[in-house]
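Comments concern the structure below.
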Amino acid sequence: MAEMTKRDVGQFLARQGILVAFAIFIIGFTLANQRFLAVDNVLGVIRSSAILGVMALGVTFVVIGGNLDLSVGSMLSFSTVVVLDLHDKIGPTLAIPAMFAMTMCLGALIGFLVGYLKLNSLIVTLGMLSAIHGLTLTYSGGKNMDIADKEGTWFSVFGQGTALGIPVPILMFALLAALLSLLLAKTAFGRKVYAVGGNGVAATFSGIRRARVVFLTYVISSFCVACAGLLQASRSMGSQNTVGQGLELEVLAAVILGGASLLGGSGTVFKTVIGVLILGFIQNGLLLVGLEFYVQYVVTWVIIILAVWLDIAANRGRLWSPIA
């Protein structure tokens, strides 16, 4: 009985351990600072997490499809710089679709290399991380971008506006999450993404066009990055050309925290949203208890290691390796 209970506890922690850890963090932060669960602080955390969250929604498709995307941070920098630059040249009405088209072309290129040429997604997106960063610096001439007339444009509505008392970034995050959740859970394309990520060979033999599915997951990911770039540019009305640097790891951490397997074939958009909020609230709690912002980098690393460990443990049904 004791051995059975121990095994049950191990299996539970392997599957839900990150939620248990999050609950412990919430209780600890609340006891340390009563402002932690205040309504304004909660809305502030969700709003500040919206950009990361929108990016994570797209990466969820890529990861479920059995691949990785480490280029999203550099792609965010690119999309933000492009839309800010074009805003003053051709106006926001044309700048926004132009930025979406350019960003999604980058996603299509990655999708072609990984899906149709069957190159390793880690190597391709790692290389594209550097390539897109170089492209951004070249496009901007190494300079930061700012909108000249910040008061005379409606562009700020995306990042600073509210609707029904709710910040627009939160509404965009929620709307995208709802639409992409339906796409993944209720459509034939969504089922194909799970099939390709679960067993690509079997999916191919069952008539699924694997290359096309992988290609489209990267296009979806780049579309979400473009949405995040729009939010980022509108929020600050200016940007450094390295604004997205390092965000790829936080995005991946949020997706894995939400339960998407690095091996592909499992995960949901809803759980990714939960993963984003877990990461956001933990980082906010660290600041409220007085820790410096750079401690977040160490904590993020710990969370990534913990999430990967629990992901592997969930697949084998126990926390420890049977041969350890």
Side-chain angles (χ1 to χ4, degrees), residues 16-57 60 76 80 150 156-178 180-181 224 227-239 243-244 246-247 249-259 268-304 306-307 310:
Q16 307 296 340
I18 199 67
L19 293 179
V20 173
F22 179 53
I24 294 173
F25 271 114
I26 293 294
I27 294 172
F29 289 142
T30 303
L31 293 176
N33 192 313
Q34 296 300 317
R35 289 187 54 247
F36 181 69
L37 290 182
V39 175
D40 60 338
N41 186 63
V42 171
L43 285 177
V45 171
I46 299 175
R47 180 174 183 171
S48 63
S49 300
I51 294 174
L52 180 73
V54 168
M55 295 169 66
L57 296 177
T60 299
L76 176 71
T80 304
K150 294 182 174 62
S156 62
V157 66
F158 299 105
Q160 303 176 27
T162 60
L164 302 176
I166 303 175
V168 171
I170 296 179
L171 292 176
M172 286 186 64
F173 182 26
L175 178 61
L176 273 174
L180 292 178
S181 181
C224 289
C227 291
L230 176 61
L231 290 176
Q232 178 65 44
S234 177
R235 178 182 178 181
S236 59
M237 302 296 281
S239 177
V243 64
L247 281 182
L249 292 182
E250 291 190 42
V251 169
L252 187 59
V255 173
I256 303 305
L257 275 174
T268 67
V269 169
F270 173 74
K271 288 184 177 180
T272 292
V273 173
I274 298 300
V276 169
L277 296 180
I278 288 175
L279 202 58
F281 277 107
I282 288 177
Q283 292 176 345
N284 175 257
L286 292 173
L287 292 177
L288 287 180
V289 298
L291 295 178
E292 301 293 342
F293 75 94
Y294 43 76
V295 177
Q296 295 179 15
Y297 297 116
V298 178
V299 173
T300 301
W301 175 82
V302 173
I303 290 173
I304 291 174
L306 179 62
L310 292 177

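Contact annotation: the side chain of Leu57 approaches that of Val273 to within less than 4.5 Å [non-hydrogen atoms, C-beta and beyond]. Side chains of Glu250 and Leu279 form a contact here, defined as non-hydrogen atoms less than 4.5 Å apart. Residues Leu176 and Cys227 form a side-chain contact, since some pair of their non-hydrogen atoms from C-beta on lies under 4.5 Å apart. At a threshold of 4.5 Å between non-hydrogen side-chain atoms, the residues Phe36 and Ile26 count as touching. Annotation: side chain of Leu286 is in contact with side chain of Phe29 (closest heavy-atom distance under 4.5 Å). For the pair Lys150 and Ser156, the minimum side-chain heavy-atom distance is 4.5 Å or more.
Nearest heavy atom pair, residue Gly244 against residue Leu76, reads CA-CD2, 3.9 Å. When all heavy atoms of Phe158 and Leu231 are compared, the closest pair comes out as O-CD2, 3.3 Å. Looking at every heavy atom in both residues, Ile51 comes nearest to Ala228 through O-CB, 3.7 Å. The two residues Gln232 and Ser236 come nearest to each other via the heavy atoms O-OG, 3.1 Å. Closest approach of Leu31 to Gln34, counting heavy atoms only: O-NE2, 4.1 Å. Residues Val251 and Ala56 share a closest heavy-atom pair of CG1-CA, 3.7 Å.
Partners of Asn33 according to the side-chain hydrogen bond (donor to acceptor under 3.5 Å, both in side chains) rule, which considers only residues two or more places apart in sequence or in another chain, do not exist here. The side-chain contact (heavy atoms from CB on, under 4.5 Å) check on Val42 picks up Ile46, Phe281, with sequence neighbours excluded. By the side-chain contact (heavy atoms from CB on, under 4.5 Å) test, Ser48 is found to be paired with Arg235, residues two or more places apart in sequence or in another chain being considered. The side-chain hydrogen bond (donor to acceptor under 3.5 Å, both in side chains) search around Thr60 returns Thr272, not counting sequence neighbours.
The stretch residues 159-170 participates, sequence neighbours left out, in no side-chain hydrogen bond (donor to acceptor under 3.5 Å, both in side chains) pair at all.
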Subject >> Check against side chain to side chain contact (heavy atoms under 4.5 Å, CB included), Val54 and Met172 >> reply: CA-CA 8 Å; Val54 168; Met172 286 186 64; 5.6 Å; no

**OP:** May I have the step-by-step check of side chain to side chain contact (heavy atoms under 4.5 Å, CB included) for Asn41 and Leu288, ending in yes or no?
**Re:** CA-CA 10 Å; Asn41 186 63; Leu288 287 180; 3.8 Å; yes

Run the side-chain donor-acceptor check on residues 163-170: report pairs under 3.5 Å with partners two or more places apart or on a different chain.
none

